[in-house]
Amino acid sequence: MQEKIIKYIEEELANEELDGGLEATEDLLGSGILDSLGMMKLIAFLEDEFGCKVLPEEMVIENFMTVAHVNDYLVSKQ
Amino acid sequence: MDFSWTEEQLQFKNEVISFAETKLNDSHLVNDHKLEFMRKNWQLCADFGMLSLSVPKQYGTHTKDIDILSAILAMEGLGYGCRDNGLPFAMNAQMWTVQLPIAQFGTETQKETFLPKLTSGEWIACHALTEPEAGSDVFNMQTTATKVEGGYILNGKKHLITLGPVCDIALVFAVTNPTLGKWGLSVFIVEKGTKGFETSLNKAKMGLRTVPIGDLTFTDCFVKEENRLGSEGAGWSITNHSLELDRCSVHASQIGAMERQLEASIAYVKQRKQFGKSVGQFQSVSNRIADMKLRLETSRLLLYKVAWLKSQGKSAMLESAMLKLQISESFVASSLDTIRNHGGYGYLTENEVERDLRDAVGGVIYAGTSDIQRNIIAKTIGL
């Protein structure tokens, strides 16, 4: 799951070329890897790819700060 | 693919049109001239149930929950029947950017405290996001909320806030943790009369002149912790949650207004005679009206698509950006065409044709400029 998310971000969403690839612990929104639109696209991707529904109140730093957070969040919803 | 509406939905739309035409059109010319907000009409709309369209039934005046498609159709009816474009605009601002976030993110106490007062018309609320240096770059805000015992201290200034000068509560976005960037924003419900919270007077503007707009200032303004909406850092998700629905509904009213313009244009060019025949028989005129019809229907299709996507719980990032761009630019173009169709008659303020153009221009600026919508569209399709 984590690899799929990283691949999607690197290939489709990242604002700039990521030297050495995206680390699972990098801050996505705060560091500017993603902008607001990119984060919304990521959420749409997660819903399509993993069949989950991300509730508005779940779009918080605890769940979406890094790919690792996203992964943990998705696991918790399964 | 099914584009049909139920009898119940159509009946509700017709009731809204009838209500608007008979109750809301008596003083808008004077109000527009004098920059007057018509609290009486706001109350009439609340009593009719319009402000309750965006909240669950227990917080409003309806006996059942209203689905988004029915709400959109009702707002289209309001835009058609109400010749004051400012009133639906202002109502939408409260309904989708204040009431909806409270309904979605609020505690039960917040919902029970604020929503009934707002949907009943007793209180008016504004959404305070924009700042002097944070317009399109909205997350570059300077307003801060510093945590103290029992709450937060707000400092900063909000700018161009719809309904700001007449608000009873404001939904205020502020930075609670600057090191977290977009995750560091939180939202607070600030009540009128709170020490350190001041509103400016209404500011004159080109169009939508019946809607008060102004600045909010917070100077060491203490807000209780129980007035924070959502968790600390939820500002980003609260903004994004309401964005698509706000774009959908505010522009539903403009669809109604564009239909009204089209009907007025057809009626006028059929009865207006020059060179021995109706001016509508000249292709320069009839082609222009055909373009108006095309704009109306393409805009309407996009609107219904976004409303349908939201009714299915789906994301509508691309579609809502296209909708915002399409309708706001179409409303400007069709408003100008309507003046051309009416000739000198349309240029005189007393005949109510030119006002739509003044009202329409704001649409290409507020809630994300047309430039920003094009950026979103381009980025969403991979550029």
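Worth knowing before you read on, the calculation uses all heavy atoms, side chains too, and leaves out hydrogens, waters and symmetry mates.
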Spacing of M40(A) atom CE and E244(B) atom CD [to the nearest 0.5 Å]
6.0 Å

Sort out for me which of M39(A), E58(A), E12(A), E62(A) touches chain B most, counting heavy-atom pairs under 4.5 Å.
M39(A)

Inspect the surroundings of NZ in K314(B) and state if more than 12 heavy atoms from other residues, nucleotides or ligands are less than 6.0 Å away.
no

Does K64(B) NZ have over 12 foreign heavy atoms under 6.0 Å away?
no

If you count heavy-atom pairs within less than 4.5 Å of chain B, which of L55(A), L13(A), D48(A), V60(A) leads?
V60(A)

Ion pair check, D35(A) and K182(B), cut-off under 4.0 Å
no

Among G313(B), S237(B), G230(B), who wins on heavy-atom pairs under 4.5 Å with chain A?
S237(B)

When only heavy atoms count and the cut-off is under 4.5 Å, which of residues 64-78 of chain A reach chain B?
F64(A), M65(A)

May I ask you to check whether over 12 heavy atoms, not counting those of E112(B), lie within 6.0 Å of atom CD?
yes

Backbone N or O of M317(B) within a donor-acceptor pair of the K41(A) side chain at under 3.5 Å?
no

Going by heavy atoms in the side chains, are W183(B) and D27(A) under 4.5 Å from each other?
yes

Might you confirm whether atom NZ of K379(B) has over 12 heavy atoms from other residues, nucleotides or ligands at distances under 6.0 Å?
yes

Does any heavy atom of chain A fall under 4.5 Å from the side chain of T380(B), the backbone, both, or neither of them?
both

Report the C-alpha distance between S315(B) and I43(A) in whole Å, list the side-chain angles of each, state the deciding distance to 0.1 Å, and finish with yes or no for side chain to side chain contact (heavy atoms under 4.5 Å, CB included).
CA-CA 9 Å; S315(B) 169; I43(A) 289 167; over 6 Å; no

